[in-house]
Amino acid sequence: MLQLNFSPFPILESERLHFRALQQTDVNEIFALRSNPELMQYIPRPLVTNLEEAMAHIKMIQDKVEANEAINWAVTEKGKDKLISLIGFYRTELDNYRSEIGYMLLPEYQNKGYITEAIQILLNYGFGQMGLHSVEAIIDPRNIASAKVLEKNGFKKEAHFIENCFHNGEFLDSVHYSLLKKHHTSK
């Protein structure tokens, strides 16, 4: 069975990005991500409505890292400390050596290739350091941008589930993508 250990917290870097632990000082950016109806339209979770809820979200992420259950990174541009993205492995099936990747990016940083770059770094970490066999991503089928980014990173569409998620009084579809370690080309 897979064993996870995120201590010490792994600091990662790419050509343009720095990946660090989420901090309480990121509360305004977490609020901006999780309270934005446009950003959250494809994520079946409640909107954050105040800074206290944003702080609780940060604590929940930090607690999961400390418990070695999940890991998320605050992504910044190199040389800057402002969080522009949150990315990580949200759910890991230890028995199956499989984890789900998830990501969000502030609107002013979109369309610059940052998420594509960040996913590559996480795949390298997940397959190399965590020992994963496969990584999955579950998205809303209306989220065309996310589908393109996943496909650009080598993910394959595995399934389209019809109305399998109930959120805000309606049933939503979900599309499942995955990438096996043997199909990942490290960049």
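All values derive from a computational prediction rather than experimental measurement. Numbering starts at 1 and runs along the sequence shown.
- Residue Glu151 qualifies as enclosed at atom CD: its count of foreign heavy atoms under 6.0 Å is above 12.
- With sequence neighbours excluded, the residues forming a salt bridge (Lys or Arg N to Asp or Glu O under 4.0 Å) with Glu158 are Arg98, listed by chain and number.
- The backbone N or O of Ile101 sits nowhere less than 3.5 Å from a side-chain atom of Glu136 that would complete a donor-acceptor pair.
- Both Ile121 and Phe6 are part of a single hydrophobic cluster, where members link through side-chain heavy atoms under 4.5 Å apart.
- Glu53 places a side-chain N or O within 3.5 Å of a backbone atom of Thr49 that can act as its donor or acceptor partner.
- Hydrophobic clustering of Ile, Leu, Val, Met, Phe, Trp and Tyr side chains at less than 4.5 Å, counting indirect connections, keeps Val149 apart from Ile144.
- Counting only residues at least two apart or in different chains, ring-ring contact (aromatic ring centres under 6.0 Å, His included) contacts with residues 112-150 comprise Trp73-Tyr125, Phe127-His184.
- The ring-ring contact (aromatic ring centres under 6.0 Å, His included) analysis of residues 143-164, with sequence neighbours excluded, yields the pairs Phe161-His176.
- There is a path of hydrophobic side-chain contacts, each under 4.5 Å, that joins Leu17 to Ile11.
- With hydrogens and angles disregarded, a donor-acceptor distance shorter than 3.5 Å links the side chain of Ser85 to the backbone of Met104.
- Applying the salt bridge (charged side-chain N to carboxylate O under 4.0 Å, His left out) rule to pairs touching residues 101-110 yields Lys82-Glu108, sequence neighbours excluded.
- Contact check for Ile87 versus Ile119: side-chain heavy atoms found under the 4.5 Å cut-off.
- In this structure, Lys157 has no side-chain hydrogen bond (donor to acceptor under 3.5 Å, both in side chains) partners at least two apart in sequence or on a different chain.
- You'll find the side chain of Phe89 reaches within 4.5 Å of the side chain of Val135, heavy atoms only.
- In this structure, the separation between CG on Leu105 and OG on Ser146 is 11.0 Å, given to the nearest 0.5 Å.
- When each of Leu39, Asn28, Ile84 is tested with Leu33 by the rule side chain to side chain contact (heavy atoms under 4.5 Å, CB included), just one qualifies, namely Leu39.
- For residues 61-72, the pairs satisfying side-chain hydrogen bond (donor to acceptor under 3.5 Å, both in side chains) are Lys59-Asp63, Asn72-Tyr90, with sequence neighbours left out.
- Distance check: Lys152 NZ to Thr116 OG1 gives 4.5 Å after rounding to the nearest 0.5 Å.
- Remark: the backbone N or O of Ile139 is not paired with any side-chain donor or acceptor of Asn143 at under 3.5 angstrom.
- Side chains of Ser14 and Phe19 form a contact here, defined as non-hydrogen atoms less than 4.5 Å apart.
- Residues satisfying the side-chain contact (heavy atoms from CB on, under 4.5 Å) test with Leu2, not counting sequence neighbours, are Leu4, Thr92, Leu94, Tyr97, Leu132.
- If you chain together hydrophobic residues whose side chains sit under 4.5 Å apart, Met60 and Met40 fall into the same group.
- Under a hydrophobic-cluster definition in which Ile, Leu, Val, Met, Phe, Trp and Tyr are linked whenever side-chain heavy atoms come within less than 4.5 Å, directly or via other members, Ile138 and Ile43 are assigned to different clusters.
- Atom CG of Leu83 sits about 11.0 Å away from atom CD of Glu77, to the nearest 0.5 Å.
- Proximity of Cys165 to Pro44: side-chain heavy atoms (C-beta onward) are separated by under 4.5 Å at one or more points.
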### Message
Quick one, His183 with Lys156, criterion side chain to side chain contact (heavy atoms under 4.5 Å, CB included). Give me CA distance, side-chain angles, the key distance, then yes/no.
### Response
CA-CA 10 Å; His183 296 142; Lys156 302 290 183 225; over 6 Å; no
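- Crowding of Glu170 atom CD: a count of heavy atoms from other residues, nucleotides or ligands under 6.0 Å exceeding 12.
- For the salt bridge (Lys or Arg N to Asp or Glu O under 4.0 Å) test, no residue two or more places apart in sequence or in another chain qualifies with Glu52.
- Here Glu100 pairs with Arg91 under the salt bridge (Lys or Arg N to Asp or Glu O under 4.0 Å) rule; sequence neighbours left out.
- Rounding to the nearest 0.5 angstrom, the gap separating the CG atom in Leu150 from the OH atom in Tyr177 is 6.5 Å.
- Taken from CG in Leu47 to CG in Asn36, the straight-line distance is 8.5 Å, to the nearest 0.5 Å.
- Applying the salt bridge (charged side-chain N to carboxylate O under 4.0 Å, His left out) test to residues at least two apart or on different chains, the pairs with a partner in residues 6-25 are Glu13-Lys78, Arg16-Glu117, Arg20-Asp26, Arg20-Asp81.
- By the 4.5 Å heavy-atom criterion applied to side chains, Leu179 and Asn153 are not counted as neighbours.
- The list of ring-ring contact (aromatic ring centres under 6.0 Å, His included) pairs with a residue in residues 23-70, not counting sequence neighbours, is empty.
- Under the 4.5 Å side-chain criterion, counting only non-hydrogen atoms from C-beta, Leu172 is not in contact with Pro141.
- Between Val48 and Ile30 the shortest side-chain heavy-atom distance does not fall below 4.5 Å.
- Among all heavy-atom pairs drawn from Thr76 and Lys80, the shortest one is OG1-O, 3.1 Å.
- Every residue two or more places apart in sequence or in another chain that forms a side-chain contact (heavy atoms from CB on, under 4.5 Å) with Phe171 is listed here: Glu163, Phe166.
- Atom CG of Asn50 is surrounded by more than 12 heavy atoms from other residues, nucleotides or ligands within 6.0 Å.
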